[in-house]
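Data first, discussion second: the structure below is written as structure tokens.
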Amino acid sequence: MIVYRDIITGDEMLSDAFPLKQAVDSEGNPIEGLMYCESKNIVKNADEVDVGCGNAFGSGGEEDGGVDSTAQTVNNVIDGFQYTETQIGGASDFKSWIKDYFNAIVVKLREKGKAKEQIQAFKAQAPEIAKFFLKNFSDVQFYLGPSFNSESMVFSIYADGALTPNFYFIMGGYDAEKF
């Protein structure tokens with residue numbers, strides 16, 4: 001299992017249980033350094049969690065054994081990594097925040113002794129990532145990780161016609177830990 005940990009906060013923000021896909025701009029060009037995962041709503045209650053496979057894991061109960069009064073529908077990514085939605089002012093506030101965030105990532109990469117080439121590659125990717133989020137700003141939702149540290153965020157955007165959002169990750173800001 002691979003867990004992606006935020007290099008600023010140390011929060012566990014994603015795992016390979018949620019397959020990452022390459023983000024693309026409106027023309028279909030890949031945005032290097034920006035990945036996303038699809039999310040879905042799941043039913044969660046005190047006894048069992050439906051991960052979308054019905055009774056495939058043989059919970060022993062009937063498939064439609066009635067409605068549990070404690071059941072609730074949650075987004076699997078938000079619930080799985082304890083994200084909390086937050087707000088950011090306007091596009092100019094976001095532009096200022098993302099500039100500070102990119103600088104904080106560069107500082108952390110240097111502190112961790114990452115190769116100069118890796119740091120330069122991240123710096124080269126940053127403008128396209130920022131441009132993507134600024135172009136889609138009115139559709140972006142912002143989430144904090146479990147530590148509620150606003151120096152780092154996760155972003156989501158609903159694809160056309162989707163019932164659940166895709167979550168976007170700036171990969172330069174994460175360490176991949178293999179377990």
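Computation of the quantities below employed the complete heavy-atom set of this structure, encompassing side-chain atoms and omitting hydrogens, waters and symmetry-equivalent molecules.
Note that CZ of F169 and OG of S156 are 9.5 Å apart. Values are rounded to the nearest 0.5 Å. Once rounded to the nearest 0.5 Å, the distance linking OH of Y36 with CG of L14 reads 13.5 Å. Between the CD1 atom in I2 and the CD atom in E177 there is a gap of 11.0 Å [rounded to 0.5 Å]. Within the model, atoms CD of Q87 and CG of D93 stand 12.0 Å from one another, a figure rounded to the nearest 0.5 Å. Taking CD1 of I129 as the reference point, atom CZ of F155 lies at 9.5 Å (rounded to 0.5 Å). Of the inter-residue distances, the one linking N75 atom CG with L163 atom CG reads 11.5 Å to the nearest 0.5 angstrom.
Using the six-membered ring where Trp is involved, Y168 and F132 have ring planes that are tilted, between 30° and 60° apart. Classified by interplanar angle (parallel below 30°, tilted 30° to 60°, perpendicular above 60°), the ring pair F94/F142 is tilted.
Heavy-atom contacts from other residues, nucleotides or ligands closer than 6.0 Å to CD of E151 number 12 or fewer.
Remark: of the listed residues Y83, F81, Y4, Y83 is the sole one forming a ring-ring contact (aromatic ring centres under 6.0 Å, His included) with F167.
Follow the hydrophobic side-chain contacts under 4.5 Å out from F137 and you reach I170 in the same cluster. Hydrophobic clustering of Ile, Leu, Val, Met, Phe, Trp and Tyr side chains at less than 4.5 Å, counting indirect connections, keeps I8 apart from M13. In the hydrophobic clustering of ILVMFWY residues, with side-chain heavy atoms under 4.5 Å counting as a link, V3 and M35 come out apart. Hydrophobic clustering, with ILVMFWY side chains joined whenever heavy atoms are under 4.5 angstrom apart, groups L20 together with V154. In the hydrophobic cluster analysis, where Ile, Leu, Val, Met, Phe, Trp and Tyr join through side-chain heavy atoms closer than 4.5 angstrom, F133 is grouped apart from Y174.
Listed for the T164 side chain is a donor-acceptor partner under 3.5 Å among the backbone atoms of S39. Under a 3.5 Å cut-off, the side chain of D11 and the backbone N or O of S147 do form a donor-acceptor pair. Remark: side-chain polar atoms of Q22 are paired, donor with acceptor, to backbone N or O of L34 under 3.5 angstrom. The backbone N or O of K40 sits less than 3.5 Å from a side-chain atom of N76, completing a donor-acceptor pair. Judged purely by atom type and a 3.5 angstrom limit, D25 uses its side chain to pair as donor or acceptor with the backbone of E27. With hydrogens and angles ignored, the 3.5 Å screen pairs a side-chain donor or acceptor of W97 with a backbone N or O of S150.
Minimum heavy-atom separation, Q141 to Y158: OE1-CE1, 3.2 Å. A pairwise comparison of heavy atoms in K114 and I119 identifies O-CD1, 3.8 Å as the closest pair. Taking all atoms of both residues into account, the shortest heavy-atom contact from Q82 to P146 is OE1-CB, 3.5 Å. For the pair G173 and I105, the tightest heavy-atom approach, listed with the atom from each and the gap, is CA-CD1, 3.7 Å. Closest non-hydrogen pair, A124 versus P127, comes out as O-CD, 3.4 Å. Scanning all heavy atoms of the two residues, the minimum distance from L134 to A91 falls at CD2-O, 3.8 Å.
You'll find the side chain of I42 reaches within 4.5 Å of the side chain of V74, heavy atoms only. Considering only heavy atoms from C-beta on, E32 stays 4.5 Å or farther from E128 through its side chain. Counting heavy atoms from C-beta on, the side chains of I98 and F102 come closer than 4.5 Å. Counting heavy atoms from C-beta outward, K123 and L109 have side chains that stay 4.5 Å or more apart. The side-chain heavy atoms of E38 and K21, taken from C-beta on, include a pair separated by under 4.5 Å. By the 4.5 Å heavy-atom criterion applied to side chains, I157 and N166 are not counted as neighbours. F148 has its side chain out of reach of T86: every pair of non-hydrogen atoms, C-beta onward, lies at least 4.5 Å apart.
Defined by atom type and a distance below 3.5 Å, a donor-acceptor pair is missing between the side-chain atoms of T73 and N41.
For S26, the side-chain hydrogen bond (donor to acceptor under 3.5 Å, both in side chains) criterion is met by K135, not counting sequence neighbours.
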